[in-house]
Amino acid sequence: MMGNIKLGVIADDFTGASDAASFLVKAGYRVILLTDVRGVQPLDCDCVVVAQKIRSVPPKEAIRQVQAALGLFRALGVEKVYYKYCSTFDSTPKGNIGIIGDYLMEALDVPYTLLCPSLPVNGRTVKDGRLYVNGQPLDESPMRNHPLNPMWDSYIPNLMKEQSGYPCYVLDRETLKQPSKGVNEAQKTGKFYLVPDYETEEDGRAILAAFPDLRLYTGGSGLLEYFGGAGGRGETVYKSEGDSEKAVILCGSCSEMSGRQIRSYIEKGHPFVRIDSEKLLAGEVNAEQIFETVLQNLPETTVVYSDGVEKNMSGVARDETFTKLSTLFEKLLADLSEKTLQAGFGKIVVAGGETSGAVTLRLNYHAYHIGRVIAPGVPMLIPVENPKLQLALKSGNFGDEEFFTKSLSEEK
Ligand SMILES: Nc1ncnc2c1ncn2[C@@H]1O[C@H](COP(=O)(O)OP(=O)(O)O)[C@@H](O)[C@H]1O
Ligand SMILES: O=C(O)[C@@H](O)C(=O)COP(=O)(O)O
(Lines give C-alpha, C1' and ligand atoms only; values in the text may rest on other atoms or scores of the structure.)
(Ligands and ions follow the chains in the order given, each with its own letter.)
Protein backbone atom coordinates (compact mmCIF):
# COMPACT_ATOMS: atom_id res chain seq x y z
CA MET A 1 0.00 0.00 0.00
CA MET A 2 2.95 2.35 0.48
CA GLY A 3 3.12 5.44 -1.66
CA ASN A 4 0.16 4.85 -3.92
CA ILE A 5 -2.20 7.48 -2.53
CA LYS A 6 -1.42 10.85 -4.03
CA LEU A 7 -3.36 13.10 -1.73
CA GLY A 8 -4.89 12.83 1.72
CA VAL A 9 -7.49 15.49 2.49
CA ILE A 10 -8.49 16.41 6.04
CA ALA A 11 -11.85 18.19 5.80
CA ASP A 12 -13.10 20.14 8.80
CA ASP A 13 -16.72 19.20 8.26
CA PHE A 14 -18.72 16.66 6.32
CA THR A 15 -20.15 18.91 3.61
CA GLY A 16 -16.63 20.20 3.09
CA ALA A 17 -15.40 16.63 2.65
CA SER A 18 -17.97 15.78 -0.01
CA ASP A 19 -17.25 19.13 -1.69
CA ALA A 20 -13.51 18.34 -1.76
CA ALA A 21 -14.12 14.78 -2.99
CA SER A 22 -16.28 15.99 -5.89
CA PHE A 23 -13.52 18.29 -7.18
CA LEU A 24 -10.95 15.48 -7.00
CA VAL A 25 -13.32 13.26 -8.99
CA LYS A 26 -13.61 16.09 -11.52
CA ALA A 27 -9.79 16.08 -11.76
CA GLY A 28 -10.02 12.41 -12.78
CA TYR A 29 -9.04 10.77 -9.50
CA ARG A 30 -10.66 7.76 -7.88
CA VAL A 31 -11.67 8.95 -4.45
CA ILE A 32 -12.89 7.37 -1.24
CA LEU A 33 -14.41 9.54 1.47
CA LEU A 34 -13.94 8.24 5.01
CA THR A 35 -15.83 9.30 8.10
CA ASP A 36 -13.82 7.04 10.35
CA VAL A 37 -10.12 6.42 10.02
CA ARG A 38 -10.21 3.03 11.69
CA GLY A 39 -10.59 -0.31 10.02
CA VAL A 40 -11.26 0.71 6.46
CA GLN A 41 -8.38 -0.76 4.50
CA PRO A 42 -7.54 -1.76 1.84
CA LEU A 43 -8.49 1.42 -0.01
CA ASP A 44 -8.63 1.16 -3.77
CA CYS A 45 -8.31 4.84 -4.70
CA ASP A 46 -5.92 7.64 -5.70
CA CYS A 47 -7.03 10.11 -3.04
CA VAL A 48 -8.58 9.71 0.35
CA VAL A 49 -10.74 12.40 1.95
CA VAL A 50 -11.27 12.20 5.70
CA ALA A 51 -14.43 13.93 6.90
CA GLN A 52 -14.07 15.23 10.43
CA LYS A 53 -16.16 17.40 12.71
CA ILE A 54 -13.35 19.74 13.77
CA ARG A 55 -14.63 23.16 12.76
CA SER A 56 -16.40 24.15 15.96
CA VAL A 57 -15.00 21.79 18.60
CA PRO A 58 -12.43 22.60 21.31
CA PRO A 59 -8.87 22.80 19.87
CA LYS A 60 -7.65 19.74 21.78
CA GLU A 61 -10.37 17.59 20.26
CA ALA A 62 -9.66 19.01 16.80
CA ILE A 63 -5.96 18.18 17.08
CA ARG A 64 -6.76 14.68 18.35
CA GLN A 65 -8.84 14.02 15.22
CA VAL A 66 -6.20 15.54 12.93
CA GLN A 67 -3.54 13.31 14.50
CA ALA A 68 -5.72 10.28 13.78
CA ALA A 69 -6.02 11.32 10.12
CA LEU A 70 -2.26 11.84 9.86
CA GLY A 71 -1.73 8.40 11.38
CA LEU A 72 -3.87 6.89 8.61
CA PHE A 73 -2.07 8.91 5.94
CA ARG A 74 1.28 7.68 7.20
CA ALA A 75 0.07 4.09 7.13
CA LEU A 76 -1.15 4.56 3.57
CA GLY A 77 2.01 6.33 2.40
CA VAL A 78 0.02 9.40 1.35
CA GLU A 79 2.26 11.78 -0.62
CA LYS A 80 0.64 15.19 0.05
CA VAL A 81 -1.75 16.51 2.66
CA TYR A 82 -4.53 19.03 2.01
CA TYR A 83 -6.36 20.67 4.89
CA LYS A 84 -9.82 21.63 3.60
CA TYR A 85 -11.78 24.32 5.45
CA CYS A 86 -14.75 26.38 4.45
CA SER A 87 -14.62 28.68 1.43
CA THR A 88 -16.08 31.32 3.76
CA PHE A 89 -13.34 30.64 6.36
CA ASP A 90 -15.96 29.71 8.99
CA SER A 91 -14.40 30.16 12.42
CA THR A 92 -14.64 32.39 15.46
CA PRO A 93 -11.58 34.36 16.71
CA LYS A 94 -10.92 31.25 18.81
CA GLY A 95 -11.50 29.05 15.74
CA ASN A 96 -9.46 26.09 14.63
CA ILE A 97 -8.20 26.98 11.14
CA GLY A 98 -5.00 28.61 12.43
CA ILE A 99 -4.57 26.08 15.20
CA ILE A 100 -4.82 23.13 12.82
CA GLY A 101 -2.73 24.84 10.12
CA ASP A 102 0.05 25.54 12.64
CA TYR A 103 -0.13 21.99 13.97
CA LEU A 104 0.08 20.49 10.47
CA MET A 105 3.06 22.66 9.48
CA GLU A 106 4.85 21.47 12.63
CA ALA A 107 3.85 17.81 12.37
CA LEU A 108 4.79 17.60 8.69
CA ASP A 109 7.87 19.72 9.30
CA VAL A 110 7.23 22.19 6.47
CA PRO A 111 8.41 25.82 6.50
CA TYR A 112 5.26 27.29 4.98
CA THR A 113 1.94 26.57 3.34
CA LEU A 114 -0.79 28.34 1.37
CA LEU A 115 -4.15 29.69 2.53
CA CYS A 116 -6.53 29.41 -0.44
CA PRO A 117 -10.19 29.46 0.63
CA SER A 118 -11.37 30.58 -2.84
CA LEU A 119 -13.94 28.72 -4.86
CA PRO A 120 -14.63 31.02 -7.84
CA VAL A 121 -17.37 28.78 -9.29
CA ASN A 122 -19.38 29.49 -6.11
CA GLY A 123 -18.43 33.18 -5.92
CA ARG A 124 -15.71 32.95 -3.23
CA THR A 125 -12.61 34.91 -4.28
CA VAL A 126 -9.48 36.34 -2.67
CA LYS A 127 -7.83 39.61 -3.72
CA ASP A 128 -5.07 41.40 -1.78
CA GLY A 129 -5.63 39.06 1.17
CA ARG A 130 -9.34 39.86 1.41
CA LEU A 131 -12.03 37.18 1.05
CA TYR A 132 -15.16 38.06 -0.95
CA VAL A 133 -18.49 36.25 -1.28
CA ASN A 134 -20.19 37.07 -4.57
CA GLY A 135 -18.26 40.33 -4.69
CA GLN A 136 -19.07 41.39 -1.11
CA PRO A 137 -16.36 41.40 1.57
CA LEU A 138 -16.91 38.35 3.79
CA ASP A 139 -17.94 40.42 6.82
CA GLU A 140 -20.58 42.28 4.80
CA SER A 141 -21.95 39.08 3.22
CA PRO A 142 -24.69 36.89 4.80
CA MET A 143 -21.81 35.16 6.65
CA ARG A 144 -21.81 38.03 9.16
CA ASN A 145 -25.01 36.44 10.55
CA HIS A 146 -23.85 32.82 10.68
CA PRO A 147 -25.24 31.11 13.81
CA LEU A 148 -22.01 29.36 14.85
CA ASN A 149 -19.33 31.34 13.05
CA PRO A 150 -20.39 34.95 12.42
CA MET A 151 -17.57 36.38 10.31
CA TRP A 152 -16.12 39.59 11.75
CA ASP A 153 -13.50 40.54 9.17
CA SER A 154 -12.62 39.74 5.59
CA TYR A 155 -8.85 40.26 5.67
CA ILE A 156 -7.38 36.77 6.00
CA PRO A 157 -4.24 37.83 7.95
CA ASN A 158 -6.58 39.47 10.50
CA LEU A 159 -8.78 36.37 10.70
CA MET A 160 -5.67 34.27 11.29
CA LYS A 161 -4.06 36.60 13.83
CA GLU A 162 -6.21 35.36 16.70
CA GLN A 163 -5.89 31.69 15.77
CA SER A 164 -2.32 31.16 14.63
CA GLY A 165 1.17 31.69 16.00
CA TYR A 166 2.63 32.31 12.53
CA PRO A 167 2.42 35.31 10.22
CA CYS A 168 0.56 35.54 6.89
CA TYR A 169 1.97 37.18 3.77
CA VAL A 170 -0.22 38.30 0.92
CA LEU A 171 1.05 37.18 -2.48
CA ASP A 172 -0.17 39.25 -5.41
CA ARG A 173 -0.42 37.98 -8.97
CA GLU A 174 2.87 39.53 -10.05
CA THR A 175 4.84 37.87 -7.23
CA LEU A 176 3.10 34.57 -7.99
CA LYS A 177 4.98 34.60 -11.29
CA GLN A 178 8.23 34.47 -9.29
CA PRO A 179 7.11 32.55 -6.19
CA SER A 180 10.63 32.14 -4.85
CA LYS A 181 10.84 35.94 -4.43
CA GLY A 182 7.74 35.97 -2.20
CA VAL A 183 8.92 32.93 -0.28
CA ASN A 184 12.42 34.30 0.31
CA GLU A 185 11.04 37.57 1.57
CA ALA A 186 8.71 35.79 4.01
CA GLN A 187 11.21 33.13 5.06
CA LYS A 188 13.05 35.52 7.33
CA THR A 189 10.35 35.01 9.94
CA GLY A 190 10.32 31.23 10.42
CA LYS A 191 7.14 29.32 9.57
CA PHE A 192 4.49 31.29 7.70
CA TYR A 193 1.42 31.29 5.49
CA LEU A 194 1.09 32.71 1.99
CA VAL A 195 -2.25 34.13 0.85
CA PRO A 196 -2.21 34.32 -2.97
CA ASP A 197 -4.67 36.28 -5.09
CA TYR A 198 -7.23 33.78 -6.34
CA GLU A 199 -10.17 35.21 -8.22
CA THR A 200 -10.49 32.96 -11.24
CA GLU A 201 -10.00 29.33 -12.16
CA GLU A 202 -6.93 30.48 -14.10
CA ASP A 203 -5.50 31.82 -10.80
CA GLY A 204 -6.09 28.39 -9.23
CA ARG A 205 -4.05 26.75 -11.96
CA ALA A 206 -1.32 29.42 -11.63
CA ILE A 207 -1.08 28.84 -7.86
CA LEU A 208 -0.51 25.13 -8.30
CA ALA A 209 1.93 25.76 -11.13
CA ALA A 210 3.89 28.07 -8.81
CA PHE A 211 3.74 25.64 -5.86
CA PRO A 212 3.58 22.14 -7.39
CA ASP A 213 5.48 20.25 -4.73
CA LEU A 214 4.35 21.33 -1.30
CA ARG A 215 3.82 18.57 1.18
CA LEU A 216 0.99 20.57 2.80
CA TYR A 217 -1.70 22.72 1.19
CA THR A 218 -4.67 24.36 2.85
CA GLY A 219 -7.80 25.87 1.40
CA GLY A 220 -11.32 25.45 0.12
CA SER A 221 -12.16 22.80 -2.45
CA GLY A 222 -11.41 24.97 -5.52
CA LEU A 223 -7.70 24.24 -5.75
CA LEU A 224 -8.23 20.47 -5.68
CA GLU A 225 -9.50 20.47 -9.25
CA TYR A 226 -6.03 21.47 -10.45
CA PHE A 227 -4.02 18.76 -8.73
CA GLY A 228 -2.89 17.10 -11.96
CA GLY A 229 -1.47 13.66 -12.36
CA ALA A 230 -4.66 11.68 -12.74
CA GLY A 231 -3.19 10.48 -16.04
CA GLY A 232 -5.83 12.15 -18.23
CA ARG A 233 -8.40 9.68 -16.98
CA GLY A 234 -11.98 10.97 -17.39
CA GLU A 235 -14.34 11.54 -14.52
CA THR A 236 -15.65 8.28 -13.04
CA VAL A 237 -19.10 8.77 -11.53
CA TYR A 238 -20.22 6.08 -9.15
CA LYS A 239 -23.85 4.94 -9.47
CA SER A 240 -26.13 3.84 -6.67
CA GLU A 241 -27.98 0.53 -6.95
CA GLY A 242 -30.90 1.68 -4.84
CA ASP A 243 -34.45 2.85 -5.39
CA SER A 244 -34.50 6.57 -4.75
CA GLU A 245 -38.28 6.97 -4.88
CA LYS A 246 -38.42 7.20 -1.09
CA ALA A 247 -36.49 10.33 -0.14
CA VAL A 248 -36.35 12.97 2.57
CA ILE A 249 -34.75 16.42 2.83
CA LEU A 250 -33.39 17.46 6.25
CA CYS A 251 -32.34 21.08 6.76
CA GLY A 252 -30.69 22.28 9.99
CA SER A 253 -28.90 24.98 8.03
CA CYS A 254 -29.71 28.61 8.81
CA SER A 255 -27.97 29.95 5.71
CA GLU A 256 -29.66 32.41 3.44
CA MET A 257 -29.35 30.15 0.39
CA SER A 258 -30.92 27.20 2.22
CA GLY A 259 -33.84 29.50 3.05
CA ARG A 260 -34.31 30.40 -0.60
CA GLN A 261 -34.09 26.73 -1.59
CA ILE A 262 -36.74 25.77 0.95
CA ARG A 263 -39.09 28.56 -0.17
CA SER A 264 -38.68 27.58 -3.79
CA TYR A 265 -39.39 23.91 -2.98
CA ILE A 266 -42.47 24.70 -0.88
CA GLU A 267 -43.82 27.18 -3.42
CA LYS A 268 -43.93 24.34 -5.94
CA GLY A 269 -46.46 22.64 -3.64
CA HIS A 270 -44.13 20.03 -2.14
CA PRO A 271 -44.76 18.95 1.47
CA PHE A 272 -42.84 20.40 4.39
CA VAL A 273 -42.47 20.22 8.17
CA ARG A 274 -41.28 23.45 9.80
CA ILE A 275 -39.75 22.87 13.23
CA ASP A 276 -40.53 25.61 15.70
CA SER A 277 -37.59 26.31 18.07
CA GLU A 278 -39.83 27.23 21.01
CA LYS A 279 -41.73 23.96 20.69
CA LEU A 280 -38.53 21.99 20.30
CA LEU A 281 -37.13 23.55 23.47
CA ALA A 282 -40.39 22.82 25.31
CA GLY A 283 -40.13 19.15 24.32
CA GLU A 284 -43.28 19.35 22.17
CA VAL A 285 -41.63 18.10 18.99
CA ASN A 286 -40.35 14.59 18.39
CA ALA A 287 -38.90 12.55 15.57
CA GLU A 288 -41.72 9.95 15.68
CA GLN A 289 -44.45 12.51 14.84
CA ILE A 290 -42.43 14.10 12.07
CA PHE A 291 -41.50 10.74 10.60
CA GLU A 292 -45.22 9.77 10.48
CA THR A 293 -45.87 12.88 8.40
CA VAL A 294 -42.92 12.10 6.12
CA LEU A 295 -44.35 8.62 5.55
CA GLN A 296 -47.87 9.89 4.91
CA ASN A 297 -46.56 12.33 2.31
CA LEU A 298 -44.94 9.59 0.20
CA PRO A 299 -44.37 9.31 -2.72
CA GLU A 300 -43.84 13.07 -2.38
CA THR A 301 -40.60 14.06 -0.67
CA THR A 302 -40.96 16.13 2.49
CA VAL A 303 -38.51 18.85 3.47
CA VAL A 304 -38.05 19.03 7.26
CA TYR A 305 -36.45 22.31 8.30
CA SER A 306 -35.55 24.51 11.25
CA ASP A 307 -37.31 27.84 11.68
CA GLY A 308 -33.76 29.24 12.13
CA VAL A 309 -33.48 29.46 8.36
CA GLU A 310 -36.23 32.10 8.36
CA LYS A 311 -34.62 34.24 11.05
CA ASN A 312 -31.84 36.74 10.92
CA MET A 313 -29.44 35.04 13.32
CA SER A 314 -27.26 38.14 13.83
CA GLY A 315 -29.37 39.44 16.71
CA VAL A 316 -29.73 36.06 18.45
CA ALA A 317 -27.65 35.77 21.64
CA ARG A 318 -25.23 32.84 21.58
CA ASP A 319 -26.19 31.81 25.07
CA GLU A 320 -26.93 28.48 26.72
CA THR A 321 -30.39 28.27 25.14
CA PHE A 322 -28.92 28.81 21.69
CA THR A 323 -26.35 26.06 22.19
CA LYS A 324 -29.02 23.75 23.53
CA LEU A 325 -31.21 24.45 20.52
CA SER A 326 -28.47 23.79 18.02
CA THR A 327 -27.76 20.44 19.70
CA LEU A 328 -31.48 19.60 19.79
CA PHE A 329 -31.87 20.35 16.08
CA GLU A 330 -28.86 18.20 15.22
CA LYS A 331 -30.19 15.33 17.32
CA LEU A 332 -33.71 15.56 15.92
CA LEU A 333 -32.55 15.53 12.30
CA ALA A 334 -30.10 12.70 13.02
CA ASP A 335 -32.98 10.72 14.62
CA LEU A 336 -35.05 11.30 11.50
CA SER A 337 -32.26 10.17 9.20
CA GLU A 338 -31.94 6.95 11.16
CA LYS A 339 -35.67 6.30 10.93
CA THR A 340 -35.75 6.87 7.18
CA LEU A 341 -32.78 4.57 6.71
CA GLN A 342 -34.48 1.85 8.74
CA ALA A 343 -37.63 2.31 6.64
CA GLY A 344 -35.66 1.65 3.43
CA PHE A 345 -35.49 5.20 2.07
CA GLY A 346 -33.04 5.34 -0.85
CA LYS A 347 -32.12 9.02 -0.66
CA ILE A 348 -31.38 11.44 2.17
CA VAL A 349 -30.57 15.05 1.34
CA VAL A 350 -29.07 17.10 4.19
CA ALA A 351 -28.48 20.87 4.27
CA GLY A 352 -25.87 22.41 6.59
CA GLY A 353 -22.34 21.33 7.48
CA GLU A 354 -22.83 20.73 11.20
CA THR A 355 -26.17 19.08 10.52
CA SER A 356 -24.54 16.83 7.93
CA GLY A 357 -21.91 15.84 10.48
CA ALA A 358 -24.59 14.86 12.99
CA VAL A 359 -26.57 12.87 10.39
CA THR A 360 -23.54 11.12 8.95
CA LEU A 361 -22.24 10.08 12.35
CA ARG A 362 -25.66 8.65 13.14
CA LEU A 363 -25.97 6.71 9.87
CA ASN A 364 -22.69 5.16 10.91
CA TYR A 365 -21.25 4.32 7.49
CA HIS A 366 -17.53 4.79 7.33
CA ALA A 367 -16.58 4.92 3.67
CA TYR A 368 -18.29 6.45 0.64
CA HIS A 369 -17.99 6.43 -3.15
CA ILE A 370 -18.65 9.70 -4.95
CA GLY A 371 -21.67 9.81 -7.26
CA ARG A 372 -23.17 12.41 -9.59
CA VAL A 373 -22.71 16.11 -8.86
CA ILE A 374 -25.97 17.94 -8.09
CA ALA A 375 -24.37 21.40 -7.88
CA PRO A 376 -20.72 22.52 -7.76
CA GLY A 377 -19.33 21.08 -4.52
CA VAL A 378 -22.34 18.84 -3.76
CA PRO A 379 -22.08 15.27 -5.05
CA MET A 380 -24.21 12.28 -4.14
CA LEU A 381 -22.37 9.99 -1.74
CA ILE A 382 -22.89 6.23 -1.85
CA PRO A 383 -21.85 4.26 1.23
CA VAL A 384 -19.41 1.46 0.38
CA GLU A 385 -21.27 -0.58 3.02
CA ASN A 386 -24.72 0.18 1.51
CA PRO A 387 -24.71 0.89 -2.24
CA LYS A 388 -28.50 1.24 -2.14
CA LEU A 389 -28.39 4.58 -0.35
CA GLN A 390 -27.65 8.01 -1.79
CA LEU A 391 -26.72 10.76 0.62
CA ALA A 392 -26.28 14.42 -0.36
CA LEU A 393 -24.56 16.77 2.09
CA LYS A 394 -25.16 20.36 1.05
CA SER A 395 -23.17 23.21 2.47
CA GLY A 396 -25.65 25.88 3.59
CA ASN A 397 -24.65 28.36 0.94
CA PHE A 398 -24.18 26.00 -1.99
CA GLY A 399 -26.51 25.22 -4.88
CA ASP A 400 -29.06 27.40 -6.64
CA GLU A 401 -32.72 27.85 -5.71
CA GLU A 402 -33.73 24.66 -7.49
CA PHE A 403 -31.21 22.56 -5.57
CA PHE A 404 -33.72 20.36 -3.73
CA THR A 405 -35.67 19.55 -6.90
CA LYS A 406 -32.40 18.76 -8.68
CA SER A 407 -31.26 16.54 -5.83
CA LEU A 408 -34.40 14.40 -6.25
CA SER A 409 -33.96 13.95 -9.98
CA GLU A 410 -31.78 11.07 -11.14
CA GLU A 411 -30.39 13.00 -14.08
CA LYS A 412 -26.92 14.43 -14.15
N1 LIG B 1 -33.32 27.90 15.45
C2 LIG B 1 -32.06 27.55 15.74
N3 LIG B 1 -31.44 28.05 16.83
C4 LIG B 1 -30.18 27.70 17.15
N5 LIG B 1 -29.44 26.84 16.41
C6 LIG B 1 -30.02 26.32 15.31
C7 LIG B 1 -31.34 26.63 14.92
N8 LIG B 1 -31.62 25.95 13.79
C9 LIG B 1 -30.54 25.23 13.50
N10 LIG B 1 -29.58 25.44 14.40
C11 LIG B 1 -28.21 24.89 14.45
O12 LIG B 1 -27.39 25.78 13.70
C13 LIG B 1 -26.33 25.03 13.10
C14 LIG B 1 -26.37 25.30 11.61
O15 LIG B 1 -25.12 24.98 11.07
P16 LIG B 1 -24.97 24.11 9.76
O17 LIG B 1 -25.70 22.84 9.85
O18 LIG B 1 -23.49 24.03 9.53
O19 LIG B 1 -25.65 24.96 8.62
P20 LIG B 1 -25.33 26.45 8.13
O21 LIG B 1 -23.85 26.65 8.33
O22 LIG B 1 -25.73 26.44 6.70
O23 LIG B 1 -26.19 27.35 8.95
C24 LIG B 1 -26.59 23.57 13.43
O25 LIG B 1 -25.81 23.23 14.56
C26 LIG B 1 -28.07 23.56 13.78
O27 LIG B 1 -28.42 22.51 14.68
O1 LIG C 1 -16.05 25.26 1.31
C2 LIG C 1 -17.25 25.31 1.50
O3 LIG C 1 -17.91 26.36 1.46
C4 LIG C 1 -17.96 24.03 1.90
O5 LIG C 1 -17.27 22.93 1.45
C6 LIG C 1 -18.07 23.93 3.39
O7 LIG C 1 -17.09 23.70 4.07
C8 LIG C 1 -19.38 24.14 3.89
O9 LIG C 1 -19.65 24.18 5.26
P10 LIG C 1 -21.13 24.64 5.76
O11 LIG C 1 -21.38 26.02 5.17
O12 LIG C 1 -21.05 24.65 7.24
O13 LIG C 1 -22.09 23.66 5.21
Side-chain angles (χ1 to χ4, degrees), residues 9-23 49 51-57 82-91 97 116-124 131 133 138 141-143 145-151 218-224 250-262 274-281 285 304-313 315-334 350-360 375-379 392-399 403:
V9 179
I10 299 175
D12 73 349
D13 81 346
F14 287 60
T15 43
S18 73
D19 176 12
S22 72
F23 280 98
V49 178
Q52 301 196 304
K53 208 169 183 302
I54 52 177
R55 187 174 290 174
S56 312
V57 301
Y82 194 103
Y83 167 34
K84 157 71 181 72
Y85 40 79
C86 198
S87 59
T88 44
F89 221 77
D90 294 23
S91 50
I97 296 179
C116 296
S118 292
L119 181 52
V121 68
N122 281 352
R124 281 80 159 131
L131 179 55
V133 177
L138 177 65
S141 79
M143 281 307 294
N145 299 329
H146 189 276
L148 297 178
N149 296 302
M151 297 313 295
T218 88
S221 56
L223 208 55
L224 289 165
L250 304 173
C251 177
S253 164
C254 301
S255 295
E256 192 189 72
M257 183 44 93
S258 297
R260 282 164 46 193
Q261 289 160 342
I262 286 168
R274 173 185 181 277
I275 305 163
D276 183 293
S277 330
E278 299 294 324
K279 290 193 176 151
L280 185 64
L281 266 181
V285 179
V304 182
Y305 69 96
S306 156
D307 62 357
V309 79
E310 297 165 348
K311 297 177 182 165
N312 178 347
M313 293 306 237
V316 181
R318 276 145 186 85
D319 55 10
E320 224 175 281
T321 309
F322 179 87
T323 310
K324 189 169 170 199
L325 255 180
S326 83
T327 309
L328 281 173
F329 271 110
E330 288 186 23
K331 181 176 179 312
L332 181 73
L333 296 174
V350 190
E354 295 298 321
T355 311
S356 295
V359 166
T360 314
V378 198
L393 306 178
K394 187 193 81 74
S395 154
N397 290 309
F398 280 9
F403 178 84

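What you see below is based on every heavy atom in this structure, not just the backbone, and it leaves out hydrogens, waters and symmetry mates. Sequential numbering from 1 along the given sequence is applied to the chain's residues. Whatever order the structure lists them in is the order used to number ligands and atoms, beginning at 1.
- Residues forming a side-chain contact (heavy atoms from CB on, under 4.5 Å) with Leu325 (at least two apart in sequence, or on another chain): Ser277, Leu280, Leu281, Phe329.
- Each of Met151, Arg55, Met143 was checked for a side-chain contact (heavy atoms from CB on, under 4.5 Å) with Cys86, and the lone residue meeting it is Arg55.
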Can you produce the list of protein nitrogen or oxygen atoms under 3.5 Å from a nitrogen or oxygen of ligand 2, alongside each distance?
{"from": "ligand 2", "atom 1": "1 (O)", "to": "Lys84", "atom 2": "NZ", "distance (Å)": "3.0"}
{"from": "ligand 2", "atom 1": "1 (O)", "to": "Ser87", "atom 2": "N", "distance (Å)": "2.8"}
{"from": "ligand 2", "atom 1": "1 (O)", "to": "Ser87", "atom 2": "OG", "distance (Å)": "3.3"}
{"from": "ligand 2", "atom 1": "3 (O)", "to": "Ser87", "atom 2": "N", "distance (Å)": "3.3"}
{"from": "ligand 2", "atom 1": "3 (O)", "to": "Ser87", "atom 2": "OG", "distance (Å)": "2.6"}
{"from": "ligand 2", "atom 1": "5 (O)", "to": "Asp19", "atom 2": "OD2", "distance (Å)": "2.6"}
{"from": "ligand 2", "atom 1": "5 (O)", "to": "Lys84", "atom 2": "NZ", "distance (Å)": "3.0"}
{"from": "ligand 2", "atom 1": "7 (O)", "to": "Arg55", "atom 2": "NH2", "distance (Å)": "2.7"}
{"from": "ligand 2", "atom 1": "7 (O)", "to": "Lys84", "atom 2": "NZ", "distance (Å)": "3.1"}
{"from": "ligand 2", "atom 1": "9 (O)", "to": "Asp13", "atom 2": "OD2", "distance (Å)": "3.2"}
{"from": "ligand 2", "atom 1": "9 (O)", "to": "Thr15", "atom 2": "OG1", "distance (Å)": "3.4"}
{"from": "ligand 2", "atom 1": "9 (O)", "to": "Arg55", "atom 2": "NH1", "distance (Å)": "3.0"}
{"from": "ligand 2", "atom 1": "11 (O)", "to": "Ser395", "atom 2": "OG", "distance (Å)": "3.2"}
{"from": "ligand 2", "atom 1": "12 (O)", "to": "Asp13", "atom 2": "OD2", "distance (Å)": "3.4"}
{"from": "ligand 2", "atom 1": "12 (O)", "to": "Arg55", "atom 2": "NH1", "distance (Å)": "3.0"}
{"from": "ligand 2", "atom 1": "13 (O)", "to": "Thr15", "atom 2": "OG1", "distance (Å)": "3.1"}
{"from": "ligand 2", "atom 1": "13 (O)", "to": "Gly353", "atom 2": "N", "distance (Å)": "2.9"}
{"from": "ligand 2", "atom 1": "13 (O)", "to": "Ser395", "atom 2": "OG", "distance (Å)": "3.4"}
{"from": "ligand 2", "atom 1": "13 (O)", "to": "Gly396", "atom 2": "N", "distance (Å)": "3.2"}

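- Considering SG of Cys116 and OH of Tyr85, their distance stands at 6.5 Å, rounded to 0.5 Å.
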(request) Using the side chain to side chain contact (heavy atoms under 4.5 Å, CB included) rule, take Leu332 and Val304 through it: C-alpha gap first, then chi angles, then the decisive distance, then the call. (result) CA-CA 10 Å; Leu332 181 73; Val304 182; 5.7 Å; no

For ligand 1, what N or O to protein N or O distances fall under 3.5 Å?
{"from": "ligand 1", "atom 1": "1 (N)", "to": "Ser277", "atom 2": "OG", "distance (Å)": "3.4"}
{"from": "ligand 1", "atom 1": "1 (N)", "to": "Asp307", "atom 2": "OD1", "distance (Å)": "3.4"}
{"from": "ligand 1", "atom 1": "8 (N)", "to": "Ser306", "atom 2": "OG", "distance (Å)": "2.7"}
{"from": "ligand 1", "atom 1": "17 (O)", "to": "Glu354", "atom 2": "N", "distance (Å)": "3.3"}
{"from": "ligand 1", "atom 1": "17 (O)", "to": "Thr355", "atom 2": "N", "distance (Å)": "3.0"}
{"from": "ligand 1", "atom 1": "17 (O)", "to": "Thr355", "atom 2": "OG1", "distance (Å)": "2.6"}
{"from": "ligand 1", "atom 1": "18 (O)", "to": "Gly353", "atom 2": "N", "distance (Å)": "3.0"}
{"from": "ligand 1", "atom 1": "18 (O)", "to": "Glu354", "atom 2": "N", "distance (Å)": "2.8"}
{"from": "ligand 1", "atom 1": "21 (O)", "to": "His146", "atom 2": "NE2", "distance (Å)": "2.6"}
{"from": "ligand 1", "atom 1": "22 (O)", "to": "Ser253", "atom 2": "OG", "distance (Å)": "2.6"}
{"from": "ligand 1", "atom 1": "22 (O)", "to": "Ser255", "atom 2": "OG", "distance (Å)": "2.6"}
{"from": "ligand 1", "atom 1": "23 (O)", "to": "Cys254", "atom 2": "N", "distance (Å)": "2.9"}
{"from": "ligand 1", "atom 1": "25 (O)", "to": "Glu330", "atom 2": "OE2", "distance (Å)": "2.6"}
{"from": "ligand 1", "atom 1": "27 (O)", "to": "Ser326", "atom 2": "O", "distance (Å)": "2.8"}

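- Here the closest non-hydrogen pair linking Ile97 and Asp90 is CD1-O, 3.9 Å.
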(message) One pair to check against side chain to side chain contact (heavy atoms under 4.5 Å, CB included): Met257 and Phe398. What are the steps and the verdict?
(response) CA-CA 7 Å; Met257 183 44 93; Phe398 280 9; over 6 Å; no

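- Not counting sequence neighbours, the partners of Ser255 by the side-chain contact (heavy atoms from CB on, under 4.5 Å) test are Ser253, Ser258, Asn397.
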(message) Quick one, Tyr83 with Asp12, criterion side chain to side chain contact (heavy atoms under 4.5 Å, CB included). Give me CA distance, side-chain angles, the key distance, then yes/no.
(response) CA-CA 8 Å; Tyr83 167 34; Asp12 73 349; 4.2 Å; yes

(request) Could you walk me through whether Phe14 and Val350 pass side chain to side chain contact (heavy atoms under 4.5 Å, CB included), step by step? (result) CA-CA 11 Å; Phe14 287 60; Val350 190; over 6 Å; no

